[in-house]
*Asks:* 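Quick one: the structure is below, and I'll ask about it shortly.
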Amino acid sequence: MKLLVCGGAGFIGSNFTRQRLTENGDAVTVLDKLTYAGREENLADVRDRDGFAFVHAGVEDREAVEAAAEGCDAIVNFAAETHVDRSIAEPDAFVTTHGLGTYVLLEVARARGLRYVQVSTDEVYGSIETGSFTEASPLAPSSPYSATKAGADLLVASYRHTYGLETVICRGSNNYGPYQYPEKLIPLMVLNALHGDRLPVYGDGMQVRNWIYVEDFARGIGAALEHGEPGDVYNVGGPDECPNLEVVERIVALTGGNDSLIEYVTDRPGHDRRYSLSSDRVRGLGWEPQVRFAEGLERTVGWYRDNAWWWEPIRSGDYRAYYERQYGRQLG
Ligand code: NAD
Ligand code: DAU
């Protein structure tokens, strides 16, 4: 297959691209705007492979998307603004990328008759106290991030219903693993713990997330791409749930850090208490998560410990200013 992978220089998109090139024999063109979260370094080990191409452009740029889609069989869309805290502070880019960007990709897929995979999130369902969301659960997003992702999902569904476009939507739970930008809980805590910096826990730290190792999510998206029923949504949830405080304590133990670095800070406005996905439908496509949280977390800590080349430029650049704004103190 030849794929156009939008947002493929980010965390999950780069892991997916690596998997498709090395395990599935696909050709992949990555189209990415290279925002602060998109980095060519994420693709350093695959950029010289046959079948790989990179286009530096935004998904809202129709001409660039049309040219990049030439000869492709499918579009897989990861391109997004993904940090909930940033969506609360500055929602603009979330509306443009998720709204206009998704529209442009759908139009190009329609004009060329391409299969279309939208990568979405469990956050579109909102928070759930007990039990798990199925694909039939109502959408009840809480933040500008999840509301604009839900809007994109509805637009995708409308292109299936109105134009018969071959669409599938994959809703993933919280991903973790190599190449995740250190604004997200796990890489932030790993790097802070390794540096002896404070570990900021929002509110009481008892919010629960359903953790999935990034390679498992990438495989779930691959299963939906190859075998998903057009028009269907597939939840792809991880095998384990864990409260944030326990995640941080496990990271402290794995890094040999110090519990006294844990600091309770002001909660995120509108903070969702718990996410949980039922993934029976994607299991029907032959998918199973391979990596339990304990093993994946150990691997992830090991990867950050061994790959300072990847995170050193981040911690010494614009990220410092972001960190100061977000946590009201200097990094380090
Ligand atoms: P990320 O922030 O690491 O990467 C996003 C990528 O999109 C970056 O490479 C960025 O440069 C690119 N991008 C942003 N705006 C763009 C635009 N207008 N045009 C082209 N490229 C653009 O995000 P991620 O964690 O890899 O998430 C990828 C997708 O998976 C997103 O759609 C997200 O909603 C979804 N998702 C993420 C998680 C998670 O836990 N991280 C869970 C479920 C679903
Ligand atoms: O559920 C899937 C979603 O997971 C994706 O759609 C999003 O793109 C992704 O960012 C992630 O959203 P969360 O808000 O759950 O992830 P984040 O890593 O920002 O936070 C995880 C939990 O940890 C959340 O309850 C907030 C808390 N937290 C986060 C940070 C950054 C802290 O307690 N302290 C922190 O410093």
Side-chain angles (χ1 to χ4, degrees), residues 5-16 30-40 42-43 55-61 64-65 76-88 93-94 96-98 100-102 104-105 118-125 127 141-143 145-146 148-149 152-153 170-177 179-189 192 198-212 214 217-218 221 235-238 242-245 247-248 262-265 267-268 271-277 323 326-327:
V5 175
C6 300
F11 163 49
I12 307 173
S14 61
N15 277 286
F16 176 81
V30 166
L31 180 138
D32 199 293
K33 196 172 186 172
L34 297 179
T35 66
Y36 75 93
R39 302 177 72 219
E40 288 192 86
N42 295 355
L43 295 162
V55 177
H56 183 193
V59 284
E60 60 279 12
D61 177 346
V65 174
V76 185
N77 181 27
F78 293 86
E81 291 291 332
T82 60
H83 197 39
V84 174
D85 294 323
R86 289 184 193 252
S87 85
I88 294 166
F94 291 74
T96 308
T97 295
H98 305 171
L100 182 60
T102 303
V104 168
L105 295 179
Q118 177 75 0
V119 181
S120 184
T121 168
D122 58 2
E123 296 201 15
V124 298
Y125 298 117
S127 189
S142 312
S143 68
Y145 164 68
S146 52
T148 50
K149 289 294 290 183
D153 284 10
C170 286
R171 296 190 178 134
S173 61
N174 278 66
N175 279 236
Y176 67 103
Y179 302 100
Q180 187 170 31
Y181 195 81
E183 62 189 351
K184 306 293 190 327
L185 180 73
I186 288 182
L188 177 85
M189 294 298 167
N192 279 14
R198 279 176 284 181
L199 307 172
V201 169
Y202 295 170
D204 63 3
M206 295 314 290
Q207 305 83 2
V208 172
R209 296 294 183 262
N210 180 187
W211 294 100
I212 186 166
V214 62
F217 187 38
I221 296 165
N235 288 347
V236 187
C242 192
N244 294 339
L245 187 57
V247 173
V248 177
I262 294 176
E263 182 181 68
Y264 293 92
V265 300
D267 208 353
R268 172 186 282 171
H271 199 170
D272 285 334
R273 197 71 183 162
R274 175 170 174 265
Y275 299 136
S276 178
L277 285 181
Y323 193 91
Q326 177 64 23
Y327 296 111

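Model, not experiment: these values are computed from the prediction. Order of appearance sets the numbers: ligands from 1, and atoms from 1 within every ligand.
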*Asks:* Given side-chain hydrogen bond (donor to acceptor under 3.5 Å, both in side chains), test Tyr125 with Asn235 step by step and report yes or no.
*Replies:* CA-CA 11 Å; Tyr125 298 117; Asn235 288 347; 2.8 Å; yes
*Asks:* Is it the case that the side chain of Thr96 and the backbone of Ala93 share a donor-acceptor pair, with hydrogens and angles ignored and the cut-off at 3.5 Å?
*Replies:* no
*Asks:* Under 4.0 Å from a heavy atom of Tyr327: give me the atoms of ligand 2 that qualify, with their elements.
*Replies:* 30 (C), 31 (C), 35 (C), 36 (O)
*Asks:* So is His271 touching ligand 2 or not, going by heavy atoms under 4.0 Å?
*Replies:* yes
*Asks:* Backbone, side chain, both or neither: what part of Thr82 comes under 4.0 angstrom of ligand 2, heavy atoms only?
*Replies:* both
*Asks:* Are the charged groups of Arg171 and Asp153 less than 4.0 angstrom apart, N to O?
*Replies:* yes
*Asks:* Regarding ligand 2, does Pro200 bring an N or O atom to under 3.5 Å of one of the ligand's N or O atoms?
*Replies:* yes
*Asks:* Could you tell me how the ring of Phe16 sits relative to the ring of Phe78: parallel (under 30°), tilted (30 to 60°) or perpendicular (over 60°)?
*Replies:* tilted
*Asks:* Going by the closest heavy atom to atom 28 (N) of ligand 2, which one wins out of Tyr176, Tyr202, Tyr323?
*Replies:* Tyr202
*Asks:* Suppose I only count heavy atoms of Glu183 and a 4.0 Å limit; which atoms of ligand 2 are within that range?
*Replies:* 31 (C)
*Asks:* Just how far is it from atom CD1 of Ile12 to atom CD1 of Ile221, taken to the nearest 0.5 Å?
*Replies:* 6.5 Å
*Asks:* Main chain of Leu31, side chain of His56: is a donor-acceptor contact present, judged purely on distance under 3.5 Å?
*Replies:* no
*Asks:* Counting heavy atoms only, which part of Asn210 comes closer than 4.0 Å to ligand 2: side chain, backbone, both or neither?
*Replies:* neither
*Asks:* Restricting to side chain to side chain donor-acceptor pair (under 3.5 Å), what partner residues turn up for Glu183, sequence neighbours left out?
*Replies:* Tyr36, Arg86
*Asks:* Which residue supplies the protein heavy atom nearest to atom 23 (O) of ligand 2, what is that atom called, and how far is it?
*Replies:* Asn244 ND2, 3.3 Å
*Asks:* Under 4.0 Å, heavy atoms only, figure out whether ligand 2 is touched by the backbone of Asp122, its side chain, both or neither.
*Replies:* side chain
*Asks:* For the residue pair Asn174 and Leu185, establish whether any side-chain heavy-atom pair is separated by less than 4.5 Å.
*Replies:* no
*Asks:* Can you work out which protein residues put a heavy atom within less than 4.0 Å of ligand 1?
*Replies:* Gly7, Ala9, Gly10, Phe11, Ile12, Asp32, Lys33, Leu34, Thr35, Ala37, Gly38, Ala57, Gly58, Val59, Glu60, Phe78, Ala79, Ala80, Thr82, Thr97, Val119, Ser120, Thr121, Tyr145, Lys149, Gly172, Ser173, Asn174, Asn175
*Asks:* Hey, what do you get for SG (Cys170) to CZ (Phe217), rounding to the nearest 0.5 Å?
*Replies:* 6.0 Å
*Asks:* Show the atoms of ligand 2 that are less than 4.0 angstrom away from any heavy atom in Tyr275.
*Replies:* 1 (O), 15 (O)
*Asks:* List every atom of ligand 2 that sits less than 4.0 Å from any heavy atom of Val201, numbering the atoms from 1 in the order shown and giving each element.
*Replies:* 33 (O)
*Asks:* Please state which protein non-hydrogen atom is closest to atom 5 (C) of ligand 2 and give its distance, to 0.1 Å?
*Replies:* Tyr145 OH, 3.5 Å
*Asks:* Can you confirm, on distance only, whether ligand 2 has an N/O atom lying under 3.5 Å from any N/O atom belonging to Thr121?
*Replies:* yes
*Asks:* Where on Leu185 is there a heavy atom closer than 4.0 Å to ligand 2, on the side chain, on the backbone, on both, or on neither?
*Replies:* both
*Asks:* List the closest protein heavy-atom neighbour of atom 13 (P) of ligand 2: residue, atom name, distance to the nearest 0.1 Å.
*Replies:* Glu123 OE2, 3.5 Å
*Asks:* With under 30° as parallel and over 60° as perpendicular, where do the rings of Tyr202 and Tyr327 fit, or are they tilted in between?
*Replies:* tilted
*Asks:* Going through the distances and angles, do Lys33 and Thr97 end up as a side-chain hydrogen bond (donor to acceptor under 3.5 Å, both in side chains)?
*Replies:* CA-CA 10 Å; Lys33 196 172 186 172; Thr97 295; 5.0 Å; no
*Asks:* Tell me which one of His83, Glu81, His98 satisfies side-chain contact (heavy atoms from CB on, under 4.5 Å) with Tyr145.
*Replies:* His98
*Asks:* Can you tell me the protein heavy atom closest to atom 4 (O) of ligand 2 and the distance?
*Replies:* Asn174 ND2, 3.1 Å
*Asks:* Decide side-chain hydrogen bond (donor to acceptor under 3.5 Å, both in side chains) for Asp122 and Ser173; before the verdict, give the C-alpha distance in whole Å, the side-chain angles of both, and the deciding distance to 0.1 Å.
*Replies:* CA-CA 5 Å; Asp122 58 2; Ser173 61; 4.8 Å; no
*Asks:* Going by the order shown, which atoms of ligand 2 are within less than 4.0 Å of some heavy atom of Leu188?
*Replies:* 36 (O)
*Asks:* Which heavy atom of the protein is the closest neighbour of atom 19 (O) of ligand 2, given with residue, atom name and distance?
*Replies:* Arg268 NH2, 2.9 Å
*Asks:* Once you round to the nearest 0.5 Å, how far does CZ of Phe11 lie from CG of Asn175?
*Replies:* 5.0 Å
*Asks:* Looking at His83, which atoms of ligand 2 are within less than 4.0 Å of one of its heavy atoms?
*Replies:* 19 (O)
*Asks:* Check this for me: does any side-chain nitrogen of one of Asp204 and Arg273 sit under 4.0 Å from a carboxylate oxygen of the other?
*Replies:* yes
